[in-house]
Amino acid sequence: MNDEFKVAVYSAIGSVPEGFTASYGYIARLAGQPKHARAVGYLLKHLPKDSSLPWFRIVNSKREISFPFGTSSYQRQLEALQAEGISLDNGKIKKEFFVG
DNA sequence: CACTTGACGTGGG
DNA sequence: CCCCACGCCAAGT
């Protein structure tokens, strides 16, 4: 993967408005690489510790947090989302908070 | 090289 | 809605 793509992905993630979520695939599409949803996941996983990107606003296409339920990672993301008013319904982001 | 892994997505049944 | 096979692709081993 090239820097061009990384930058586009970071930019796309930064463009997701507060109070909303977007899918990995949607970010990949915005970055001009529709088939790179997984690469988006890779980049998020390896985000620099100091990054201020809203990583928690990215969920999978089923509108679920992409961490196994019950893990601390899952919990961290859930809390970050709820902190800005995004609520889930049976593990799924309510559609009114989801774009893409 | 050739496998394997993983914060993914989609179409079909 | 659930489950599954398959497609995809960067990194790691």
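Computed from heavy atoms alone, side chains included, the values below leave out hydrogens, waters and symmetry copies. First the proteins, then the strands, lettered A, B, ... as listed; each starts at 1. Since this is a predicted model, take the numbers as computed values, not measurements.
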Which atom pair, heavy atoms only, marks the closest approach of [X] to [Y]?
{"X": "Glu64(A)", "Y": "Lys92(A)", "value": "OE2-NZ, 3.6 Å"}
{"X": "Gly91(A)", "Y": "Tyr74(A)", "value": "CA-OH, 4.4 Å"}
{"X": "Leu44(A)", "Y": "Trp55(A)", "value": "CD2-CB, 3.7 Å"}
{"X": "Ile27(A)", "Y": "Ala22(A)", "value": "CD1-CB, 4.4 Å"}
{"X": "Ile58(A)", "Y": "Val16(A)", "value": "CD1-CG2, 4.4 Å"}
{"X": "Ala80(A)", "Y": "Phe56(A)", "value": "CB-CG, 3.6 Å"}

Exercise. Would you find more than 12 non-hydrogen atoms of other residues, nucleotides or ligands less than 6.0 Å from Glu4(A) atom CD?
Worked result: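 No, because the 6.0 Å sphere around CD of Glu4(A) holds 12 heavy atoms or fewer from other groups.
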
For this session: Scan nucleotides 6-13 of chain B nucleotide by nucleotide, 5' to 3', and note B when protein non-hydrogen atoms come under 4.0 Å of the base, S if they reach only the sugar-phosphate, - if neither.
Result: BBBSS---

Exercise. Considering heavy-atom distances to DNA chain C, does Lys6(A) or Lys92(A) have its closest nucleotide positioned more toward the 5' end?
Worked result: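 Final value for this comparison: Lys92(A).
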
Exercise. Taking the P atom of each, how far is dC6(C) from dA7(B), in whole Å?
Worked result: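 After rounding to an integer number of Å, I get 23 Å for this pair.
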
For this session: Could you give the distance separating dG7(C) and dG6(B) at their C1' atoms, to the nearest angstrom?
Result: 14 Å

Problem set entry | Opening and closing nucleotides of DNA chain C in contact with chain A, under 4.0 Å to non-hydrogen atoms |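 Here the contact window of chain A covers dC1(C) to dA11(C).
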
Exercise. Are Phe20(A) and Phe97(A) an aromatic pair by the rule of ring centers under 6.0 Å?
Worked result: no

